[in-house]
A.B. asks: 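Quick one: the structure is below, and I'll ask about it shortly.
Side chains are part of it too, since the values below use all heavy atoms of this structure and drop only hydrogens, waters and symmetry mates. Numbers restart at 1 for each chain; the letters A, B, ... are given by sequence-line order, proteins then strands. Predicted model only: the values in this text are computed from it and were never measured.
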There are 2 protein chains.
Amino acid sequence: MDERDFLCDSECIHALAVREVLENIIQDAKAKKLATLFRALGDPTRVKLIHALKLKELCVCDLGVVLNLSQSAVSHQLRYLRNLNFVKYRRQGKMVYYSLDDEHIHELFQQGLDHIEHV
Amino acid sequence: MDERDFLCDSECIHALAVREVLENIIQDAKAKKLATLFRALGDPTRVKLIHALKLKELCVCDLGVVLNLSQSAVSHQLRYLRNLNFVKYRRQGKMVYYSLDDEHIHELFQQGLDHIEHV
DNA sequence: ATAACATATGAACACATGAGCATACGTTGA
DNA sequence: TCAACGTATGCTCATGTGTTCATATGTTAT
């Protein structure tokens, strides 16, 4: 019996293959988490923001200059990344300094970079 | 002169830090590419699709069953991934078999997985 | 306490995006 | 050639997302 035998003739399902994949495929919850992780890196603004913080700790205002973005926009993106624990911050007087909180993010980012450069 | 000295008093810019970051930050075009790469992995459906194809070469119909998704939805997502050269395909009769085209994607995916599990 | 300033946040808006529907395309077998 | 079937695609809609605007919060210095 071939791996590609059909389950029923009205559909094109390869029963064995489908079953095997269904048994080993990532669970929905985990897929969702993973998607959330990648989506966080899936915006040019956030990519630049993360890269900037990878280079140096910066305050919100600095980030605005670096990214050429309004203070509000920067702050919103920072909240986004804060909620995912991608960045940490420390308050010093009126200013808040942000930096990367997660070494893994750094690695993931770097591997993505390698990819688009290596192609 | 401290690294954190101000450029002008009406703004909170740390001139040296900003300049240094501006000189080394990822270019816009590259940030865009990187974001595109990550965004492709930033959807639960595509995460599952990629993971399924990582496990086994499958036809469109199989993927529909595995992902519990309509043929159309699967096909749209496959086009998306095809355009990015994430997947390759071979026609065999009426059916089209898809598989991962890019070892790097696999690695990136795996590193993402490690991340959400390791935390 | 009050003014000044850096940052945070809620609401609104424009735009991007995933999925459904209908239909076109490509292949196979009669 | 025609019917059947697997797949691809254009259009559309609902939803998600990033930015702006206005305003609130929190800190410092007077």
A.B. asks: Would you say Lys88(B) and Ser99(B) make side-chain contact, with heavy atoms under 4.5 Å?
C.D. replies: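 Heavy-atom side-chain distance check passes, below 4.5 Å.
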A.B. asks: Within the 4.0 Å limit for protein heavy atoms, which parts of nucleotides 9-19 of chain C are touched? Write it as a string from 5' to 3', B for base, S for sugar-phosphate only, - for none.
C.D. replies: BBB-----SSS
A.B. asks: Given atom CZ of Arg91(B) and atom P of dG6(D), what is their separation to the nearest angstrom?
C.D. replies: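 Computing the Arg91(B):CZ to dG6(D):P distance gives 12 Å.
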A.B. asks: Is the NZ or CZ atom of Arg39(B) positioned over Phe38(A)'s six-membered ring, under 6.0 angstrom from the centre and within 45° of the axis?
C.D. replies: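 No cation-pi geometry.
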A.B. asks: Between dT7(C) atom P and Leu81(A) atom CG, what is the distance in whole Å?
C.D. replies: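 After rounding, the reported distance stands at 16 Å.
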A.B. asks: Lys48(A) has an atom NZ; how far is it from atom P of dT19(D), in whole Å?
C.D. replies: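 So the NZ-P distance, Lys48(A) to dT19(D), works out to 12 Å.
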A.B. asks: With a 4.5 Å limit on heavy-atom distance, are the side chains of Val60(A) and Met95(A) in contact?
C.D. replies: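 Sidechains of Met95(A) and Val60(A): no contact.
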A.B. asks: Please report, rounded to the nearest Å, how far the P atom of dG18(D) is from the CG atom of Leu67(A).
C.D. replies: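 Checked: the CG to P distance equals 14 Å.
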A.B. asks: Quick one: Arg90(A) CZ to dA6(C) P, roughly how many Å, whole number?
C.D. replies: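 From Arg90(A) CZ to dA6(C) P: 16 Å.
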A.B. asks: If I take atom CG in residue Asp62(A) and atom C1' in nucleotide dT7(C), what distance separates them, rounded to the nearest angstrom?
C.D. replies: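 Rounding to the nearest Å, CG of Asp62(A) and C1' of dT7(C) are 13 Å apart.
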A.B. asks: Within this structure, what is the NE2-to-P distance between His14(A) and dG6(D), rounded to whole angstrom?
C.D. replies: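 Distance check: His14(A) NE2 to dG6(D) P gives 10 Å.
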A.B. asks: What does the list of N/O pairs under 3.5 Å between the protein and nucleotides 28-30 of chain C look like, with a distance for each?
C.D. replies:
none

A.B. asks: Would you classify Tyr89(A) as touching base, sugar-phosphate or nothing, given that sugar-phosphate means primed atoms plus P, OP1 and OP2, and contacts are heavy atoms under 4.0 Å?
C.D. replies: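 No contact.
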A.B. asks: Looking at His14(A) versus Tyr97(B), is the centre-to-centre ring distance below 6.0 Å?
C.D. replies: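 Yes; Tyr97(B) has its ring centre under 6.0 Å from that of His14(A).
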